[in-house]
Number of protein chains: 2
Amino acid sequence: MLDPVRLRVLVAVARTGSLTAAAKELHYAQPSVSHHLARLEAETGAKLLQRVGRGVRLTDAGQLLADRAAEILGRLDSAAAELEALTQLRAGRVRLAAFPSALGTFVPEAGVRLAEAYPGVELHITEAEPPEALAMIRAGEADVAVVFGYGPGEDPDVRIRHLFDDPGHLVYLDGPTLTDHRDGQWIAGCERCRRHLLDVCAKEGFTPNITFTTDDYVAVQAMVAAGLGAALLPSLALRAHRDPRVRTAELPGSVRHVYAATYGAPPDPPATQALLEALAKPLA
Amino acid sequence: MLDPVRLRVLVAVARTGSLTAAAKELHYAQPSVSHHLARLEAETGAKLLQRVGRGVRLTDAGQLLADRAAEILGRLDSAAAELEALTQLRAGRVRLAAFPSALGTFVPEAGVRLAEAYPGVELHITEAEPPEALAMIRAGEADVAVVFGYGPGEDPDVRIRHLFDDPGHLVYLDGPTLTDHRDGQWIAGCERCRRHLLDVCAKEGFTPNITFTTDDYVAVQAMVAAGLGAALLPSLALRAHRDPRVRTAELPGSVRHVYAATYGAPPDPPATQALLEALAKPLA
DNA sequence: CCGCATTACGTCTTTCGTAACGATG
DNA sequence: CATCGTTACGAAAGACGTAATGCGG
């Protein structure tokens, strides 16, 4: 049987004229698109694509299938929409727990996307650092948690999936590299970033002298601006708030992985799926 | 996205009114059908079925989705058919190697099914015992081999899948159980069945006295009829040829697994797929 | 060389089967 | 108690990513 996933890939390639562009549109890696098409050709026994310099062109057979596929996929989607309407599925509630700089950056964007796509879904947002957010998930007090510092496999009942990577930045007044501050004072951005800071500095062969500690990334920047030391902040924190008096430099080896966590076996309830979808999209 | 496999299951259930019947129609195990429907309900968030005594009934939502699904699946199938027509895919050649009693029983049935569904496909048939048949597969001299005595994992390049189980039968003039013949003479049905015979008799605590050996199941039955001893034959051999003078009794613990083998990585070429499909159907 | 596509390979998820259990007439 | 459906679990296949390898302009 024709696989609609492969058909969606074919349609995307037909529209864009390139595997790379299709991959971007579908949030796939390039090789995945290539593989899908190769399999589709093998399964159907028909040559669907023809390489032409850079990019590819659809053969007649490929164009025919792409046309039929576009209609079929449309009907599939509209059947899903009809079912949703019948069961009022676009209504519902999702409770999200997320850490502060997420709330200051991509969570509002995701909220907008969610409201556009699922107008009936209520979104409840709670601020919580990762350990508390996961506790809320386990306790059933939240449906989705946006966290960092925890990966898949923490708990068999909690499903954790990767959202994106958040590079670390050095925040300073003078001296754009870590070693410029090896003998200076440091402000630990937050409890969890402290661990991260220690690791990064250890790689450079020194232990930072941490003289101030606060979870508040606004305060951290104010302290740096006041000359109290340097700090390490994730890029999300800088996107949420940027003190004009400080300077920043990305630290190549330093990334924080941001994840979305849910509770229970797949599949997630539809409202939860909708929120996860909205959270994943800003990655594009 | 709605998964067409699940939709096909839903449609089958809608038609038959029962999970068990749908499973039979789709060649699935019962629990697989149950699981597909459970997942479909969870993914869509809609109750689609309602248990009513024995059997199930579709809810309004389930009926709606089943109706839409039937149309979508029809279009999927017809897109595939259109593509096949365009690329003349229903033409082609498949070379089958199979052991004798298979040729005398279900292979002709499969040939008929193949000719009905794919009129343009030429089927070439060769008689070969399993080792030779597999050698032909590896040498590229056959596309599909019907074998027994070999299972999946024999060779990484040869894909072997289960077709059905073929129960063993005791062939005799007098004495319908194995132990009736513990001190009598035996005719080994064929080289490979000899191993099988030894195993079965060992379980009963004796070693059969094998006085005649032949691969030919017609000859075996003639010898039994002549009073030369008892024999063990697979049911396929008895279906292919039944000597009216002998009596037979199924041996509960004795089954021969029949497999289809192909060469190379999946997916198989369309003509090969078509033959495999035709071979699998008689199972129903 | 650079961009686009393919191949190779590893991890995680899903599917489907068998077996055991539960419910219903 | 017989039958239909569900739950539990294990084995095989598939999807998708990263890394490494063609290949055309």
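Lettering follows sequence order; numbering is per chain, from 1.
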- Message: Can you measure R51(B) atom CZ to dA23(C) atom P for me and round it to whole angstrom units?
- Response: 10 Å
- Residues T20(A) and Q30(A): side-chain donor-acceptor under 3.5 angstrom: yes
- Will you find, in the side chains of T272(A) and D143(A), an N or O donor that is under 3.5 Å from an N or O acceptor? no
- Item | Rounded interatomic separation in angstrom, taking NZ from K24(B) and C1' from dC4(D) | 11 Å
- Item | Side chain of L19(A) (C-beta onward), nearest among dT15(C), dT6(D), dT6(C) | dT6(C)
- For residues Y150(A) and L134(A), determine if any side-chain heavy atom of one lies less than 4.5 Å from a side-chain heavy atom of the other. yes
- Message: In this structure, how many angstroms lie between the C1' atom of dT7(D) and the CG atom of L37(B), rounded?
- Response: 15 Å
- Query: Is T20(B) near enough to dG5(D) that one of its side-chain N or O atoms lies under 4.0 angstrom from OP1 or OP2?
  - Reply: yes
- Neighbour count above 12 (heavy atom, 6.0 Å) for R54(B) CZ: no
- Message: Using whole Å, what does the distance between atom P of nucleotide dT18(D) and atom CG of D165(A) come to?
- Response: 9 Å
- Item | R54(B) side chain, from C-beta outward: closest of dC4(C), dC4(D), dT6(C) | dC4(D)
- Considering just the side-chain nitrogens and oxygens of S34(A), establish if one lies under 4.0 Å of OP1 or OP2 belonging to dT7(C). no
- Message: If the cut-off is 4.0 Å, is R6(A) near the phosphate of dA15(D), judged by side-chain N/O to OP1 or OP2?
- Response: yes
- Note on the structure: Rounded to whole Å, CG of D268(B) lies from P of dA13(D) at a distance of 12 Å
- Note on the structure: When rounded to whole Å, the CZ to C1' distance for the pair R39(A) and dA8(C) reads 15 Å
- Evaluate the ring planes of Y259(B) and H162(B), with Trp represented by its six-membered ring, and classify them as parallel (under 30°), tilted (30 to 60°) or perpendicular (over 60°). perpendicular
Close N/O contacts between protein and nucleotides 16-20 of chain C (under 3.5 Å):
{"residue": "dC16(C)", "atom": "OP1", "partner": "Y28(B)", "partner atom": "OH", "Å": "3.4"}
{"residue": "dC16(C)", "atom": "OP2", "partner": "H36(B)", "partner atom": "NE2", "Å": "2.3"}
{"residue": "dG17(C)", "atom": "OP2", "partner": "A29(B)", "partner atom": "N", "Å": "2.9"}
{"residue": "dG17(C)", "atom": "OP2", "partner": "S32(B)", "partner atom": "OG", "Å": "2.7"}

- Query: Where each residue is assigned the nucleotide of DNA chain D containing its nearest heavy atom, which of A21(B) and I160(B) is assigned the position nearer the 5′ end?
  - Reply: A21(B)
